[in-house]
Asks: 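Okay, here's the structure, questions in a sec.
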Amino acid sequence: MPESPEVQALADHLGERTVGRTVQRLEVVAFQALKTFDPPPSALHGRRVTAVTRHGKFLDLDADGLHLVLHLARAGWVRWSDSLPATPPKPGRGPLALRLLLDDGSGWQVTEQGTTKRLAAYVVPDPAQVPGIARLGPDPLAEGFSRADLAAVTAGRSVRLKGLLTDQSLLAGVGNAYSDEVLHTARLSPYALASSLDEEQSDRLYAALRTVLHDAVERARGLAAGELKAEKKAGLRVHGRAGEPCPVCGDTVRQVVFAESSLQYCPTCQTRGRVLADRRLSRLLK
């Protein structure tokens, strides 16, 4: 799933090419992706694009005050094209969900791979009308995000750090991959409770959040949309690397698998050598 560094890179990449152009047509191919009906997609037609920005994991195209907001979910993506076909696409079973055609023939192709469709598009006068944006917590990539902001999020919350980092109502933009990377950098167990952190551990968590996310943004800066996924994977130290040696201490990276996700961690760096229980493995051994 694209997280805040990739969505920020997409916003920068698409904004450079889109701002100043006029929307000729928004073509909805996968009708289940469109979550709003008033105003209709046609309300964007003829409007000049003034900005492409980000809210957490949401991508926001501002066209003279009317917004096309996208949440790419797990398998969605946006690709820029210098020349899109003039003929509208036909609805079908392919990955194409939306197409944004601009006045010079260029535009966006929004796709979603796989059979589970969760990509969401909204046409709204105000991004805050999108429920997922309205509930977002503070953004760790924001310039003003402070140590006190993180303390306000963790204080008194008896929730595991892994869950806290990925709860969008508490912190905006961090997902499964970067939460693993942040916790590894901070040398904290994904199962540690937020309320149990002492001052030094909280300082490490704050520093890791800022460093990991900002480093990811810098690595992605200037890359084309098609290069972002490979860059993200190459920059990960523990996420998606179960069975490989930890780049810090050499211990084997372990994982815990859940119904729809998994987490990866280093026992030596994060859990004092303790291997966390993997319920999936436990069931297989019964």
Side-chain angles (χ1 to χ4, degrees), residues 1-80 97-102 107-112 117-145 149 153 165-175 178 213 217 220 225 228:
M1 176 182 292
E3 300 175 44
S4 55
E6 293 79 50
V7 179
Q8 185 62 56
L10 276 175
D12 294 342
H13 173 73
L14 296 169
E16 290 173 1
R17 292 155 176 79
T18 308
V19 170
R21 303 245 60 98
T22 298
V23 176
Q24 180 173 324
R25 196 164 61 245
L26 175 62
E27 300 165 340
V28 180
V29 182
F31 295 102
Q32 75 275 7
L34 186 64
K35 306 304 180 185
T36 54
F37 62 91
D38 185 20
S42 60
L44 288 164
H45 300 175
R47 289 176 177 261
R48 181 175 175 271
V49 179
T50 54
V52 180
T53 55
R54 177 186 67 83
H55 312 276
K57 301 179 189 178
F58 291 83
L59 188 67
D60 176 10
L61 177 143
D62 184 344
D64 284 335
L66 190 61
H67 298 257
L68 171 63
V69 177
L70 301 174
H71 189 279
L72 299 175
R74 181 169 295 181
W77 200 244
V78 183
R79 289 173 174 82
W80 170 263
L98 301 169
R99 201 166 71 173
L100 181 75
L101 184 66
L102 302 173
W108 301 9
Q109 295 192 87
V110 183
T111 59
E112 184 175 25
K117 303 299 184 181
R118 296 178 178 172
L119 185 145
Y122 309 80
V123 179
V124 289
D126 183 351
Q129 293 176 285
V130 176
I133 292 179
R135 62 185 285 269
L136 287 176
D139 192 326
L141 274 175
E143 186 176 342
F145 182 79
D149 291 326
V153 170
L165 291 177
T166 56
D167 186 335
Q168 299 303 293
S169 68
L170 299 179
L171 289 170
V174 182
Y178 288 117
L213 296 179
V217 170
L228 290 173

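Position 1 is the first residue of the sequence, and the numbers go up from there.
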Asks: First locate atom CG of Leu119, then atom CH2 of Trp77, and finally report the distance between them rounded to the nearest 0.5 Å.
Replies: 12.0 Å

Asks: Do the non-hydrogen side-chain atoms of Leu61 and Leu100 ever get within less than 4.5 Å of each other?
Replies: yes

Asks: Supply the atom-to-atom distance Leu34 CG to Leu26 CG, rounded to the nearest 0.5 angstrom.
Replies: 7.5 Å

Asks: I'd like to check the side-chain hydrogen bond (donor to acceptor under 3.5 Å, both in side chains) partners of Arg48; sequence neighbours left out, ordered by chain and number.
Replies: none

Asks: Taking all atoms of both residues into account, what is the closest heavy-atom pair of Leu228 and Ala220, and its distance?
Replies: CD2-CB, 3.6 Å

Asks: Would you please name every residue forming a side chain to side chain contact (heavy atoms under 4.5 Å, CB included) with Phe37, sequence neighbours left out?
Replies: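 Applying side chain to side chain contact (heavy atoms under 4.5 Å, CB included) to Phe37 gives none.
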
Asks: If we only count heavy atoms from C-beta on, is the Leu14 to Leu59 side-chain gap below 4.5 Å?
Replies: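 SC-SC contact between Leu14 and Leu59 confirmed.
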
Asks: Can you measure from OG (Ser4) to CG (Asp139) and round to the nearest 0.5 angstrom?
Replies: 6.0 Å

Asks: With Glu16, which residues qualify under side chain to side chain contact (heavy atoms under 4.5 Å, CB included), at least two apart?
Replies: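 Checked Glu16 against side chain to side chain contact (heavy atoms under 4.5 Å, CB included); zero matches.
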
Asks: Applying salt bridge (Lys or Arg N to Asp or Glu O under 4.0 Å), which residue pairs with at least one partner in residues 1-11 are found, sequence neighbours left out?
Replies: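 Checked against salt bridge (Lys or Arg N to Asp or Glu O under 4.0 Å) - neighbours excluded - the pairs reaching residues 1-11 are Glu3-Lys232, Glu6-Lys232.
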
Asks: Sequence neighbours left out, what passes ring-ring contact (aromatic ring centres under 6.0 Å, His included) with Tyr178? Give chain and number order.
Replies: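 By the ring-ring contact (aromatic ring centres under 6.0 Å, His included) rule, Tyr178 matches no residue at all.
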
Asks: Show me the pairs that pass salt bridge (Lys or Arg N to Asp or Glu O under 4.0 Å) and involve residues 62-78, at least two apart or across chains.
Replies: none

Asks: Applying side chain to side chain contact (heavy atoms under 4.5 Å, CB included), name anything that partners Arg118, two or more places apart in sequence or on another chain.
Replies: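 In terms of side chain to side chain contact (heavy atoms under 4.5 Å, CB included), with neighbours along the sequence ignored, Arg118 is linked to Ala73, Glu112, Thr116, Glu260.
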
Asks: Among residues at least two apart in sequence or on other chains, which ones pass side-chain hydrogen bond (donor to acceptor under 3.5 Å, both in side chains) with Thr18?
Replies: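 Checked Thr18 against side-chain hydrogen bond (donor to acceptor under 3.5 Å, both in side chains); matches are Trp108.
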
Asks: Sequence neighbours left out, what pairs pass salt bridge (Lys or Arg N to Asp or Glu O under 4.0 Å) with at least one residue falling in residues 18-37?
Replies: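 Residue pairs with at least one partner in residues 18-37: Arg21-Asp103, Arg21-Asp104, Arg25-Glu27, Glu27-Arg99.
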
Asks: Tell me every residue that passes side-chain hydrogen bond (donor to acceptor under 3.5 Å, both in side chains) with Thr53, counting only those two or more places apart in sequence or in another chain.
Replies: none

Asks: Run the side-chain hydrogen bond (donor to acceptor under 3.5 Å, both in side chains) test against Gln8 and tell me which residues pass, sequence neighbours left out.
Replies: Asp12, Arg54

Asks: Looking at residues at least two apart in the chain, or sitting in another chain, which of them share a side chain to side chain contact (heavy atoms under 4.5 Å, CB included) with Ser42?
Replies: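 Result, side chain to side chain contact (heavy atoms under 4.5 Å, CB included) vs Ser42: Pro40, His45.
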
